[in-house]
Every structure is written in C-alpha cells, then in structure tokens.
Q: 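Structure incoming, see below.
For clarity, every value in this text was computed on a predicted model and none was experimentally measured. Each chain gets a letter, A, B and so on, in the order its sequence line appears, and its residues count up from 1. Note: hydrogens, waters and symmetry copies are ignored here, and every other heavy atom, side chains too, is used.
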2 protein chains.
Amino acid sequence: MTFEKKLRNMKITTKSRYAIRSIFALVLMGGDKQPIALTQIAEHEDISRKYLEQIFMKLKKSKIVEGSRGAQGGYMLGKPAKSISLKEVIYAMDGPVKIADCHQEETCDNFSSCGINWLWSGLKETVDNYLDNITIDDLKRQAFGGKDADIS
Amino acid sequence: MTFEKKLRNMKITTKSRYAIRSIFALVLMGGDKQPIALTQIAEHEDISRKYLEQIFMKLKKSKIVEGSRGAQGGYMLGKPAKSISLKEVIYAMDGPVKIADCHQEETCDNFSSCGINWLWSGLKETVDNYLDNITIDDLKRQAFGGKDADIS
DNA sequence: ATAATTACTACAAGGATACTAGGATATGGG
DNA sequence: CCCATATCCTAGTATCCTTGTAGTAATTAT
Ligand code: FES
Ligand code: FES
C-alpha cells in the first residue's frame, strides 16, 4: 500500500517532460509562426524560467527550436511540428533512452555469457518505437479532439 | 559522440536486473526442484552476496521464492517458472513501473489542465504489457533455443 | 556441537537530478 | 543612442536515490 517512495525505475526525466510540455505550450501559443518569450511559457506551465532556459538551449542545439535574441525575441519551432517526435526531444535532453547499461557488447563484460540481454534490447525497441511514433503535431491534434486545428 | 554519462532515463534498476538474472540462474541450477545457496548464485553471476540477500528477501516477501534456512538450505522457486513474469519481479524490487510521477490525478495538481498525460499512461501501458508477457520460463526456453527443456 | 545458510537492520559513498545564481550578449522601440 | 527585453552561457548546490557494505541473530542438516 505504500508506494509513495519516489522510485526512479523506468522514469522519464523531469527535464524531458518539461521539454515536451513546453514545446506543446509553445505551439499552442503560436510558436510555429512567431517567437514566444520563455517567460510566457514558464508562467503558463509553472516551470522555473531559469530552468527552461537551459532546456531550450538544448532544444536549440538539436534544431528543434530557433531562438531570436533581444526585445520581442523568443523561441519558435525550428521545423514543422509534424516532424518533431517525442523520441527526438528526449534524445535532445538526456541522450538515447537507456533501459539498461548492459545490452551492448561494449558496456558489459558479461555480455557473451549472459542469456537475457535480448530482453533489454527488446524493451528498448518497444519504448523507442512508441516514442518515435508520436509527434508534437499529434499532441496538438489530440488536444483538439482529433480535428485538424490549422487555421491558415 | 559522448554518451558516456550514466543517464538514468527510463532505466530498469540494477536491483531488478540482478533479480531477474539471479532467478534465471537459480532455475538453470535446478532451483525449481531443490534449494540453491545464494553463494552459488552470487559466484555464478558475479554479484555481491550480501546484496543478493536483500534481493531475495524481497523476492521471498512476494512469494516468488521460498527460503529454507540452515545447512543445505537456500532458495527455490515459490511457484512455477511459467507464472513468474518480469513485471512481477520488477514490482517486487521497486514497486510498479513509474515512467512519470504525473499521470495520476492524485500526484499532479496540473492534471486537469494538462493535455498530455495520456502520453505517459500510454507509455506505461506499453512497457507493462511487454514485461507482463515474458516469464522466467520464457527466458529458459529462449536459452535452450526454443526447445522445451523440461526433462521430467 | 558446529558449520552452513537465511533473516533482519543499519549505515555509507557516490552520483545524478533538479534546480538557483549571476552575468554577458544582442535587439527592437523610444 | 538608451534601455528594457530577451536569449546565451557557465557555475554551483541541495537533495534524494541507488548500490552497495557490515554486523548480528536465528535456524537447521550432519
Ligand atoms: S549483458 Fe550485461 S549482464 Fe546481461
Ligand atoms: S499530468 Fe502532471 S503535468 Fe501533465
């Protein structure tokens, strides 16, 4: 009955979740057309602005967003929402999903004698597949009840 | 190129992996029929015996194994290998797979206004499904090239 | 008895996460 | 040209979880 302990098993990092939420918010605010300031997103999503800065710096490095400095500046999408997958965002934040250190020959010396590494490879593939097949655009569509919300 | 950083994103804990490897080893050593001492498993799998003790205490609490004390004692399976799923073992070690703190109404105050929690629920379901459909018996069969290794 | 082996509890080192802080740099509007 | 507004960049830090280690008690086959 007591699972209040904050487990870290199989968890997506807060950074990754913040990133996804923030990009989602960015898009809803029109960030696919014009730059939006981080302060707005931070307030809307109730996330520390300073922390968001770091997150968006990483997103920028991965070309997921573009930053424009100075007054009236902010961030906007660096590519169409349709071509930004969750996997890509998570990769930008924390690198590839790991699952276990030891399903690759290089990182585990027990690899050859271990009969169960296929297990972790399989799980990783399952997770990667899930994350690869959902895009920011999907989030948007889901939010609007499946209807295409593009008002051009 | 540099992903040597030990990320914890989406990772299965070492404890869970040890548990699965150890049960697997236990079965291969005949632990479905007679008790096997932890020292043997610890040596075979190169895992700290003291750490294994704690792991098997948890497994015992979940009825996955039974312990018999004293000389010639050890641990043996508490139920058929066919009915021990990976999910169950992981649950015994670290509780339920979490993925994110915030896909339940109770644990996130942003829940109602958050449009993407279905994401984490979906991922959790995917992972749970994977882990629920693999049993210790499956590991055994895989190790023996798909053949049924039961020699009754 | 005694050696073997589990049962139980406490504690410690290390590392990653989730931030906070402070400044440098650039830019549009007045 | 100023200045408010923003991004850009680098350090530092508290906290928590993981991954063990250690010691001791209880139990049992021989
Ligand atoms: S590959 Fe590392 S223990 Fe299985
Ligand atoms: S449910 Fe917690 S932020 Fe989405």
Q: Whole angstrom is fine here: how far is it from CG in B:L52 over to P in D:dA22?
A: 16 Å

Q: Base, backbone or nothing for each nucleotide of nucleotides 24-30 of chain C, written B, S, -, heavy atoms under 4.0 angstrom, 5' to 3'?
A: -BBBS--

Q: How many angstroms lie between atom CG of A:L52 and atom CD1 of A:I47, to the nearest 0.5 angstrom?
A: 5.0 Å

Q: Got a second to check how far A:I23's CD1 is from A:L77's CG, nearest 0.5 Å?
A: 7.5 Å

Q: CG of B:L38 versus C1' of C:dC8: gap in Å, rounded?
A: 14 Å

Q: Find the distance A:R49:CZ to D:dT5:P and express it as a whole number of Å.
A: 12 Å

Q: Please state whether the phosphate of D:dT19, meaning OP1 or OP2, lies under 4.0 angstrom from any side-chain nitrogen or oxygen of B:Y18.
A: no

Q: What is the per-nucleotide protein-contact pattern of nucleotides 9-14 of chain D, from the 5' end, where B denotes a base atom under 4.0 Å from a protein heavy atom, S denotes such proximity for sugar-phosphate atoms only, and - denotes neither?
A: B-B---

Q: What's the CD1-P distance between A:I55 and C:dT17, to the nearest Å?
A: 13 Å

Q: Whole-Å distance between C:dC8 P and B:F56 CZ?
A: 16 Å

Q: Examine A:L119 and A:V127 and state if one hydrophobic cluster contains both, with Ile, Leu, Val, Met, Phe, Trp and Tyr joined whenever side-chain heavy atoms are less than 4.5 Å apart.
A: yes

Q: Quick one: which of D:dT21, C:dA7, C:dT17 gets closest to the side chain of B:Y75?
A: C:dA7

Q: Flag the pair B:R8 / A:K11 as yes when at least one side-chain heavy-atom distance between them is below 4.5 Å, and no otherwise.
A: no

Q: Report whether B:I20 and B:M76 are members of the same hydrophobic cluster (ILVMFWY, side-chain heavy atoms less than 4.5 Å apart, transitive linking).
A: no

Q: For B:K79, look at atom NZ and say whether over 12 heavy atoms of other residues, nucleotides or ligands are found less than 6.0 Å away.
A: yes

Q: How many Å lie between CZ on A:R8 and P on C:dA16, as a whole number?
A: 10 Å

Q: Could you tell me the separation between the CD atom of B:E45 and the C1' atom of D:dG20, rounded to a whole number of Å?
A: 18 Å

Q: Quick one: is B:S48 getting a side-chain N or O under 4.0 Å of the D:dT21 phosphate, OP1 or OP2?
A: yes

Q: Applying the side-chain contact (heavy atoms from CB on, under 4.5 Å) criterion to A:S85, which one of A:D132, A:D138, A:I90 satisfies it?
A: A:D132

Q: With a 4.5 Å heavy-atom cut-off, do B:I41 and B:F56 have their side chains touching?
A: yes

Q: Within less than 4.0 Å of OP1 or OP2 of C:dT17, is there a side-chain N or O belonging to A:T13?
A: no

Q: Parallel, tilted or perpendicular for A:Y18 and A:Y51, by the 30°/60° rule?
A: perpendicular

Q: Specify the separation, in whole Å, of atom CE of B:M93 and atom C1' of D:dC17.
A: 17 Å

